[in-house]
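Below is one structure, written out as C-alpha cells; comments come after it.
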Amino acid sequence: MNINKIWHEQPIKNKFMLISMLIVTCSLFFVSTAFFVNEFIDLRNAYKKELLTISKTISNSVVSSLVFNDKKTAEKIVSNLSSLEQIIGIAIYDSNNRLFAMYKRKNGDVKFDPKFEKKLGFNFLLKSVELSESIFFEGQSIGFIYIKSDLSRFYIRIKTLILTIMSVIILSIIFSYVLLNKLQPLIINPIDRLANLMDLISRQRDYTKRAEITTKDEIGYLAMVFNEMLDTIQHHSLELERYRKHLEELVKKRTEELMEKNKELMNELKERKKLEEQLVQSQKMEAIGTLAGGVAHDFNNLLTVVLGYGELLKQKVKNDGALSRYVEHIIVSAEKGKRLTEGLLAFSRKQMSIPRPINLNEVVKDTQKILKRLIGEDIELNTTLCDKDIIVLADYVQIEQILINLVTNARDAMPKGGEIKIETSLFYMDEGFISRYGYGEKGYYGVFKVEDTGVGMEKRVMERIFEPFFTTKEVGKGTGLGLSVVYGIVKQNKGFISVESEPNKGSVFTVLLPIFESDVSVKEEEEKVVKIPLEYGKGETILIAEDDDSLRSLIKIVLEQFNYKVIEAINGRDAIELFKEKKDVINLVILDVIMPKANGKEVYDTIKEIRPNIPAIFISGYTSDFLSSRDIAIEHLEFIQKPILPTDLVKKVKKVLEKQ
Ligand code: ADP
Ligand code: MG
C-alpha cells in the first residue's frame, strides 16, 4: 500500500482535515520558531547587557584602586560579586596585563589567561558567556576586566519558553482541529450532499431529483450545472423511455403477428395433413372398392350357380328327407352369401340403381315406421325436417337403405337406450368449405344427419368404419357391411359422408347428396350415373313357359336378380294366353320345347302371328338333333341346352335383347 493510494481513497473530509491541520501545524511551527529565535536573541542581549552593567559597575569601583594600586580594596570589591550566583569568575588586569584582582566561584571552572581574554569582547559559549572590557581613567586605558557567567538561568528561561511554545502549539492544534471539525461541514456538506444525490440517482435512475443550491460558490455552481445535466438526462431518459415503449409495442405487435402466422401455418399444416389422410383414406376405399367389387361380382355369379343348382337339387331330392335338409342348408347359406356380396356390390358401386328425383324429407317420413320397428321401444326417435323440399337424384330404395343402416348402427350403439335424431337440411358448399375439408364440389346439397347418444367411437375405429367387413361387433352380430353399403351408395350418388364421434359422446353421421337441378333431364342423369354391368337387364319383361316348377322358379330367380321382370307360364296354352294379355310389355319369350298342352314350337308360331319379330329363346333337355328328328327345327332359333347355367342364361338373354 503506497501513500498515494491511501490518499486517493480518503474521503474529501479527511483530506480537507489533513491539509488544514498540516497548514496549521506548519504555520505554528514557523511562527513559534521565529518567536523562539527572537526570544533567544533578546535573552542573549539581555545577558550581554547585564554582564556589561556588572562590568561597568566593577570597572568604576576599581578605577581608584588601580590608580592607587590598592589591591585589597579591589579584591574586596570583586569578592562582593559572590552574591551574584551566575558569576563563575571575574579578573581585573592592570595596564601591563598582570592580574590585579580576581574572584572565582566555588568550584567554578575558570582559568584566567590575559593574552586571550584581552581581545575577547563578548563571547557566547554553550554553557557560559564571557566579556572582557578595558578600564578607562581620564580617557586612558589603565587595565581591563574579564567576567565569565554561567547560562543556567538562561537555559531555564529557554526551557520555559520552549514549554510555553509547545503548549501553545498543542493547544492551537487542538483548537484548530476542533474548529476545523466544526467548520468543515460548511464546505464538505454541500459536496457530500451532491455526491449522495449522484449516488442515489445513479442507483435508482430517478432523474426527477434535483440538487439543492445553498451556496453561490463553486459548489453552488457545480450543483447548478449538475441540475442542468439532470434536466438533459431526464429529457433523454423520457425520450428513451418513449422509444423503448414504442419498440416494445412494435416487438409485441410483431410477435403477435408472428404467432398468428405461426398458428395459421400450423392450421394449414394440420389441414394439409388431414387432406392427405383423407386422400389416402379415399384411395384406400377406392382400392378396396375395386377389389371387393371384382370379388363380389365373380362370387355373386358363383353363388347364383350354387343357388340355381341348389334349387334343381331340391326338386330332385324332394322325397329324401335327409338330403333335402342338406340342400336346404346349402341354399340358406348361399342366400346369406348372396346378401353379403350384394352389400359388397353396393359398396363398390356396382349395384343396380334407378335414380330419380326424390324428396329426402319424404324418404325420412316414409321410412319412420320401419325405423321405429327397428330400434325398439327404449330408444326415442326424433326427426327434424327441413321446411323446404330437398330434391336429390337417387334411388329411393338406396336412400332408404342408408337410413336403415345408419339407424341400425345407432341402435346397436345404444344397448341401454337413448335418442336418435334424424335431421334434414339444405346446404350450400362454397370454396371455403372445400378448401377447409379438402373435398366437395361447389353447389347445393341435401343433408341428412343421423345422430345418436350411444357409445361413440375412438379415432382408430372411426378411420376404418367404412371398410367392408370392418366390425367391432361380436361374431354373428355384425357383418361390417352396413357402412360400406352406405358409403358405396353415397359415392354412387356423388355425395359425401362424414362422421363425428367421441367415445361415450355419441356419433353423428352426416350425408350430403347433390341437389337435383331440374333442368338436367332425368334420363340423361340416369344414363350417366347408372353403370349397369353387362349381364344386367334394363328392366325388360320376359315371359317364361316351362312346365317344370322348380326349373321355372330358378330361371325366374336368376332373371330377376339380373333386373328383369318375369311372367311365368306353366304350359303352352297358358303361355299363349298370357302373351295375348300382355303382348305390349313383353320383350322376350323363353320357351321350353317340350311342354304339355302346346309345345314350344307351336307357342312360338302362334305368338309370332301376334308380334312377328318377338325374340325367343328355346330351352330343352334334348339335343337339337333329337328335336330335329321330331320335326322341330331350331337352327335359326336361340337355344339353351339343359341343365341351364344361370350365367349362360343371362348372357343369352342379354345377347338376344341387344340384337333387337
Ligand atoms: P356392423 O354394424 O355390421 O358392425 P357397419 O359397417 O355398419 O358394420 O359398422 C362398422 C362399425 O362402425 C361398427 O362395428 C361400429 O364399431 C362402428 N359404428 C358404426 N356406427 C356407429 C355408431 N352410430 N356408434 C358407434 N359406433 C358405430
Ligand atoms: Mg351396421
Side-chain angles (χ1 to χ4, degrees), residues 277-278 281-282 284-289 291-293 295-296 335-351 364 367 370-376 378-384 397-424 447-492 495-512:
E277 274 169 14
Q278 267 167 2
Q281 182 71 6
S282 71
K284 191 172 88 183
M285 295 302 271
E286 208 55 52
I288 295 174
L291 183 73
V295 172
E335 258 157 9
K336 269 190 197 160
K338 220 167 140 48
R339 274 198 294 282
L340 283 181
T341 52
E342 269 162 8
L344 272 179
L345 280 173
F347 169 69
S348 59
R349 281 158 263 166
K350 286 195 172 136
Q351 200 191 38
V364 175
T367 329
I370 309 174
L371 297 180
K372 279 213 172 109
R373 220 177 302 131
L374 204 69
I375 57 179
D378 46 356
I379 294 172
E380 208 182 309
L381 178 74
N382 289 315
T383 51
T384 316
V397 180
Q398 283 189 337
I399 301 302
E400 202 177 55
Q401 191 166 14
I402 294 180
L403 273 172
I404 290 171
N405 288 8
L406 291 180
V407 169
T408 310
N409 281 345
R411 175 203 65 193
D412 292 348
M414 298 186 289
K416 288 178 194 146
E419 188 194 358
I420 299 175
K421 270 195 254 173
I422 302 177
E423 199 186 304
T424 62
V447 183
F448 65 87
K449 255 190 209 169
V450 178
E451 197 177 334
D452 66 60
T453 55
V455 292
M457 285 168 265
E458 277 174 23
K459 195 169 174 251
R460 101 195 126 72
V461 172
M462 214 148 52
E463 277 165 1
R464 301 193 55 197
I465 50 174
F466 296 115
E467 288 172 23
F469 304 117
F470 175 80
T471 178
T472 56
K473 293 167 194 171
E474 40 187 290
V475 182
K477 279 220 169 148
T479 58
L481 278 174
L483 287 178
S484 319
V485 168
V486 171
Y487 184 86
I489 295 171
V490 170
K491 286 288 146 199
Q492 191 172 18
F496 303 99
I497 181 164
S498 69
V499 55
E500 286 159 64
S501 181
E502 257 178 69
N504 297 321
K505 287 196 179 155
S507 314
V508 186
F509 284 84
T510 309
V511 175
L512 290 132

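As the structure lists them, so they are numbered: ligands from 1, and atoms in each ligand from 1. Worth knowing before you read on, the calculation uses all heavy atoms, side chains too, and leaves out hydrogens, waters and symmetry mates. Because the structure is a prediction, the values reported are computed rather than measured.
- For the salt bridge (Lys or Arg N to Asp or Glu O under 4.0 Å) test, residues two or more places apart in sequence or in another chain that qualify with Glu458 are Arg460.
- Closer than 4.0 angstrom to ligand 1 sit non-hydrogen atoms from Asn409, Ala410, Ala413, Asp452, Gly456, Met457, Ile465, Phe470, Thr471, Thr472, Lys473, Gly478, Thr479, Gly480, Leu481, Gly482, Leu483, Ser507, Phe509.
- Without hydrogens or angle criteria, Thr453 side chain to Gly418 main chain gives no donor-acceptor distance under 3.5 Å.
- Under the side chain to side chain contact (heavy atoms under 4.5 Å, CB included) test applied with Val511, the options Val447, Leu403, Leu406 reduce to a single match, Leu406.
- Counting only heavy atoms from C-beta outward, the side chains of Leu371 and Ile404 approach each other to under 4.5 Å.
- Side chain of Asp452 to main chain of Ile420: no donor-acceptor pair is present (N/O by atom type, distance under 3.5 Å, no hydrogens or angles).
- Residues satisfying the salt bridge (Lys or Arg N to Asp or Glu O under 4.0 Å) test with Lys416, not counting sequence neighbours, are none.
- Atom-to-atom distance recorded for Asn409:CG and Lys473:NZ is 4.0 Å, nearest 0.5 angstrom.
- Between the Arg411 side chain and the Leu374 main chain, a donor and an acceptor come within less than 3.5 Å of each other.
- Listing protein N, O or S atoms at distances below 2.8 Å from the Mg ion (ligand 2), with waters left out, gives Asn409 OD1.
- In this structure, Phe466 and Phe509 have perpendicular ring planes: the angle between them is above 60°, well past the 30° mark.
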